[in-house]
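Reading through the structure tokens given below for one structure.
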2 protein chains.
Amino acid sequence: MKKSHDQGEELPGLVRSKRVGKNGDGAERHEVIYHIISDAIIEHQLRPGARLREDALTEVFNISRTGVRKILQRLALEQLVTLTPRRGASVTRPTANEARDVFAARQLVECGLMPEVARRITADDVRELKRMASDEREALSVGEQSRAIKLSAAFHERLAELSGNTTLAAFVRQLCSRSSLILAVYGNIGHLGCESHDHDDLVEYLERREGTNAKAFMQRHLKEIEASLSIVEEEASAPDLHQIFGLGT
Amino acid sequence: MKKSHDQGEELPGLVRSKRVGKNGDGAERHEVIYHIISDAIIEHQLRPGARLREDALTEVFNISRTGVRKILQRLALEQLVTLTPRRGASVTRPTANEARDVFAARQLVECGLMPEVARRITADDVRELKRMASDEREALSVGEQSRAIKLSAAFHERLAELSGNTTLAAFVRQLCSRSSLILAVYGNIGHLGCESHDHDDLVEYLERREGTNAKAFMQRHLKEIEASLSIVEEEASAPDLHQIFGLGT
DNA sequence: TCAGATATTTTTGTATACAAAAAACGCCGT
DNA sequence: ACGGCGTTTTTTGTATACAAAAATATCTGA
């Protein structure tokens, strides 16, 4: 392992360990592999910048490059990987602007959904959400960071699903995935996305069908997450080496 | 042309006429073809249910099936075409629920964007929007329905772009494309999506930076469009023939 | 020893070949 | 004449082969 120009590593063994053994009937199998890869990205096992070579993936998953490319293209449309022509695929590194856009979008959509969710939520849903929130808290306290990240995203996604609007739920799903990438690039280690008990509090508002309060809470919640990030554009193309090394003085 | 089980025709000659002649360098070319097909769908030249056979597309566009499949998969992820395993691609026929979800999403996002658009809009933008609105009105009065549909969608998309949020703009773009499909299925002929001068009025609110008014207007505007549709589920799988033909009485 | 040029290897892009499923067609017995 | 059954044709799914580009390694002459 000689190249490490940025911080993008090659495919780590972690992914390989999940190798699937000849199961699934094609389409089903591709779906599974897609989820394995996208989970690995969301859980920060594959960090932004990591290259995804087609041959490596064919080896790991035992499918032909045709299938690999199909999956990579899907991931690219969801902005989880970036396809650079003639140069292959890599886990996308969101720009500062993209990061701001994603959080603005979440602010608009997730908050906008809260009243409807509060109206439609059932006792079962509440139970499920509470369990998810507690699972997340536990994962966090035990130090299973990657699991906590995934669970946190899952919580927000489930919430959106409860609105009953499939289209918006799918959109929120995408936004949460991208948020995980943003966290990987602009997040401060130690301080994970969501405050540990925020989600529990939110569920309580919903349980009491206080849509307006839930909305306000979500607003604050997302604002806090965004505020905890250091969203500053790192000059990619021409880092100012003079300033960095202070030779010019 | 013997089969017409629903209302899905085969590829009409219209599309073929746009044949591209050996231009573009691969990726660029695929992009062009993608736009040709998606435009044809949005403009109702390809109506919901129309089958898109891979061989036919390879012939029309002179690319291999590999390229065709890539494009079809992209269209499928944007919900413009439906890929049925082992049965090929067809222009998607949105369900009633999907239709409602799409309009609810537009209600939330497009309206939510208006204040920001009102804040950021420039004199140039206003000019451009007014020209688009007038083009649309003209196309409508001359009877160029398909052009009017496309222009109407373009107006809404441009509006979203002016918010400066790329992510939300892309989402609105998708929603508008899907709305065109919804119009094709649930729209009443003669009554096109948007009222002819609504868009002009909206631009005026924005020009005066009256974000709140613009938002309210957009809200009404979208509500009117949705109300003009006949969104009722046509039982696809098991149409109740007894009731239809009244034999059982 | 090292910059620049050239050769080799790796990696992606595209077309095509082959297998399997679905659809269309024709056949035949009743 | 018609419905059920088997065959042919069409159409999709997947792997693979080949070409072109990029990355890497090697060589050469100061």
Side-chain angles (χ1 to χ4, degrees), chain A residues 1-6 8-11 19-34 37 46 49-77 81-92 237, chain B residues 1-6 8-11 19-34 37 46 49-77 81-92 237:
Chain A
M1 186 143 298
K2 51 280 175 115
K3 64 142 61 171
S4 61
H5 64 96
D6 245 328
E9 290 83 42
E10 297 285 312
L11 295 176
R19 180 182 214 147
V20 287
K22 287 273 186 238
N23 69 351
D25 70 319
E28 190 62 37
R29 173 124 143 212
H30 287 180
E31 186 74 12
V32 170
I33 295 174
Y34 159 80
I37 298 178
L46 289 170
R51 295 212 36 183
L52 302 168
R53 269 178 302 104
E54 297 178 358
D55 274 348
L57 293 171
T58 58
E59 254 197 46
V60 172
F61 295 111
N62 269 78
I63 54 174
S64 76
R65 279 182 55 217
T66 311
V68 169
R69 297 191 116 239
K70 188 172 97 181
I71 293 169
L72 287 177
Q73 274 154 18
R74 176 166 169 196
L75 289 165
L77 284 178
V81 320
T82 302
L83 252 40
T84 313
R86 290 271 166 214
R87 204 148 307 178
S90 58
V91 177
T92 81
S237 49
Chain B
M1 189 145 293
K2 50 291 181 97
K3 65 141 61 171
S4 62
H5 64 97
D6 246 328
E9 291 83 43
E10 297 286 311
L11 295 176
R19 179 183 213 144
V20 287
K22 286 274 185 238
N23 69 349
D25 71 316
E28 191 61 37
R29 174 124 144 216
H30 287 179
E31 186 73 13
V32 170
I33 296 174
Y34 160 79
I37 298 179
L46 289 169
R51 293 211 32 168
L52 303 168
R53 268 179 303 106
E54 297 178 359
D55 274 347
L57 293 172
T58 56
E59 253 197 47
V60 172
F61 294 112
N62 269 80
I63 55 174
S64 76
R65 279 182 55 218
T66 311
V68 168
R69 295 190 116 238
K70 188 173 96 181
I71 293 169
L72 287 176
Q73 274 154 16
R74 175 165 170 199
L75 289 165
L77 284 179
V81 320
T82 302
L83 252 40
T84 314
R86 291 266 165 219
R87 201 147 308 177
S90 57
V91 178
T92 82
S237 50

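Here is how names work: the chains are called A, B, and so on, in the same order as the sequence lines, proteins then strands, and each is numbered from 1.
Protein atom CD of Glu59(B) is 14 Å distant from nucleotide atom C1' of dT10(D), rounded to whole Å. As a whole-Å value, the separation of Asn62(B) CG from dT16(C) P is 11 Å. Atom CG in Leu57(A) sits about 14 Å away from atom P in dA15(D), given to the nearest Å.
Minimum interatomic distance between Thr92(B) and Thr82(B) (heavy atoms only, all atoms of both residues): CG2-OG1, 2.6 Å. Closest of all the heavy-atom pairs between Ser90(B) and Gly49(B) is CB-O, 3.9 Å.
Within the 4.0 Å cut-off from OP1 or OP2 of dT14(D), not a single side-chain nitrogen or oxygen of Thr66(A) is found.
Within the 4.5 Å cutoff, no side-chain heavy atoms of Phe61(A) are placed close to those of Ile71(A).
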Identify the pairs formed between an N or O of the protein and an N or O of nucleotides 10-12 of chain C at a distance under 3.5 Å, and give each distance.
unit_1: dT11(C); atom_1: OP1; unit_2: Arg53(A); atom_2: NE; d: 3.4
unit_1: dT11(C); atom_1: OP1; unit_2: Arg53(A); atom_2: NH1; d: 3.3
unit_1: dT12(C); atom_1: OP1; unit_2: Arg51(A); atom_2: NH2; d: 3.4
unit_1: dT12(C); atom_1: OP2; unit_2: Glu54(A); atom_2: N; d: 3.3

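Distance check: Ile63(A) CD1 to Thr58(A) OG1 gives 8.0 Å after rounding to the nearest 0.5 Å. Distance check, rounded to the nearest 0.5 Å: CZ of Arg65(A) to NZ of Lys70(A) gives 15.5 Å.
Ala76(B) pairs by the side chain to side chain contact (heavy atoms under 4.5 Å, CB included) definition with Val81(B), Leu83(B), not counting sequence neighbours.
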